[in-house]
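As the structure is a prediction and not an experimental result, all values here were calculated from the model.
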Amino acid sequence: MAKINFGGVEENVVTRDEFPLEKAREVMKDETIAIIGYGVQGPGQALNLKDNGFNVIVGQRKPSKSYDKAMQDGWVPGKTLFSIEEALEKGTIIFYLLSDAAQIAMWPTVKKHLTEGKSLYFSHGFGITYKERTGIVPPENIDVMLVAPKGSGTSLRRLFVEGKGLNSSFAIHQDYTGNAREKVVALGIGVGSGYLFETTFKREVYSDLTGERGTLMGAIQGIFAAQYDLLRSKGHSPSEAFNETVEEATQSLYPLVAENGMDWMYANCSTTAQRGALDWWKKFRDATAPVFKELYESVAAGEEAQKSIDSNSQEDYRVKLEAELKEMRESEMWIAGAAVRKLRPENN
């Protein structure tokens with residue numbers, strides 16, 4: 001593992017240079033990877049592994065939209081595409097990539113196929129960390145590991161096709177065979193990770209749930225909405241309010257942050273923008289810090305997990321979700337956003 005300095009703190013990371021794809025293939029040469037779940041993470045991880053030369057099969061319920069999508073992606077019924085139980089039987093490494101709620105429901109079926117020496121792979125620490133709520137307790141005679149790409153399965157696949165990678169964390173919950181570490185790193189390289197950094201199942205889910213509710217999705221939508229609504233209330237047009245709130249951020253400035261960091265982005269903006277941003281960022285930090293503290297405490301207490309379990313297990317979950325997304329989609333800000341996107345040069 002390579003030692004990298006992160007803000008004055010040294011961490012061990014695994015890169016493709018020290019653990020090349022050829023080594024990963026050698027570690028996995030006798031394994032059959034069974035992908036259970038073909039929704040958010042499943043397609044990207046499965047296709048990347050297959051393209052990287054690993055032995056991969058998909059287990060999916062039929063009939064379902066996900067089964068149809070798997071066929072469209074090239075998985076062949078009876079050869080590389082099977083029922084969930086068939087895939088569980090054939091697989092030596094089980095990729096458990098169903099949604100958190102679906103993992104709870106499917107667990108009794110999965111558990112009976114986890115025979116001695118097999119490996120159980122997650123991309124989220126939810127089921128294991130909140131085992132008192134999920135009931136997911138693996139048998140002791142298997143390896144249990146995690147690789148969590150820091151992004152959606154769609155992004156993982158897109159970057160892989162572009163010859164890039166998405167950074168991932170990895171963790172080991174049980175090392176029954178003594179080879180779990182080598183296997184999990186090989187799988188992390190196989191799914192297309194840019195580099196791998198070590199964590200635990202608990203730290204992964206705590207940081208992930210905080211991030212999703214925070215700067216990745218919840219907080220950013222809240223901040224966008226607050227600024228957009230303010231500008232509109234002061235007489236600015238929808239186009240102006242959206243461009244100054246969202247479009248300039250996502251299309252111009254955030255890419256600069258991704259390329260070279262926040263300081264570089266500041267240095268490449270006007271002096272007026274620099275001064276204002278430097279004067280105001282700490283006020284926003286201090287204003288939101290109590291909200292983030294409340295959020296993290298809710299995650300650590302298991303409250304966010306229980307809300308997710310209760311909500312996602314309801315029969316009308318999808319109907320309620322679509323209603324909430326429809327409300328957001330049909331808000332003036334995102335109607336303006338749809339119009340702005342159509343006007344981008346690449347769409348004309």
(message) Give me the atom names and distance for the closest heavy-atom approach of F19 to A186.
(response) CE2-CA, 3.8 Å
(request) Please name the residue in the list L47, L166, L49 that meets the side chain to side chain contact (heavy atoms under 4.5 Å, CB included) test with V191. (result) L49
Can you confirm whether [X] sits close enough to [Y] that some side-chain heavy atom of one is under 4.5 Å from a side-chain heavy atom of the other?
X    : Y    : answer
L120 : D143 : no
I220 : T215 : no
E198 : R181 : yes
M71  : Q60  : no

Distance-only polar pair, side chains of [X] and [Y], donor-acceptor under 3.5 Å:
X    : Y    : result
K62  : S83  : no
Q72  : Y67  : no
Y130 : D100 : no
E247 : Q251 : no
Q41  : S123 : no
Y38  : W75  : yes
D310 : Q306 : yes
T210 : S207 : no
E204 : S169 : no
Q221 : W334 : yes
E332 : Y228 : yes

Residues that [X] engages under salt bridge (charged side-chain N to carboxylate O under 4.0 Å, His left out), provided they are two or more places apart:
X    : value
D175 : none
R285 : none
R275 : D279
E330 : K326

Residue [X] excluded, over 12 heavy atoms near [atom1] under 6.0 Å:
X    : atom1 : value
E315 : CD    : no
E162 : CD    : yes
E327 : CD    : no
R318 : CZ    : no

Show me the donor-acceptor pairs, under 3.5 Å and distance only, between side chains in residues 257-271 and residues at least two apart or in other chains.
from	atom 1	to	atom 2	distance (Å)
N268	ND2	W264	O	2.7
S270	OG	A273	N	3.0

(message) Check this for me: does any side-chain nitrogen of one of E85 and K112 sit under 4.0 Å from a carboxylate oxygen of the other?
(response) yes
(request) Run the ring-centre check on Y296 versus F292 and record whether the distance is less than 6.0 Å. (result) no
(request) May I ask you to decide if L196's main-chain N or O and S193's side chain share a donor-acceptor pair within less than 3.5 Å? (result) no
With clusters built from Ile, Leu, Val, Met, Phe, Trp and Tyr whose side-chain heavy atoms come within less than 4.5 Å, directly or transitively, what are the remaining members of the cluster of [X], listed by chain and number?
X    : result
L321 : Y317, L325
I57  : F82
W280 : F284

Applying side chain to side chain contact (heavy atoms under 4.5 Å, CB included), can you list everything that pairs with [X], at least two apart in sequence or on another chain?
X    : value
K79  : V76
N52  : L21, F54, F160
P139 : K111, L114, N141, I142

(message) Listing request: all ring-ring contact (aromatic ring centres under 6.0 Å, His included) pairs with a residue in residues 166-189, at least two apart in sequence or in separate chains.
(response) H173-F201
(request) Look up atom CD in E11 and atom CD1 in I4, then write down how far apart they are to the nearest 0.5 Å. (result) 9.5 Å
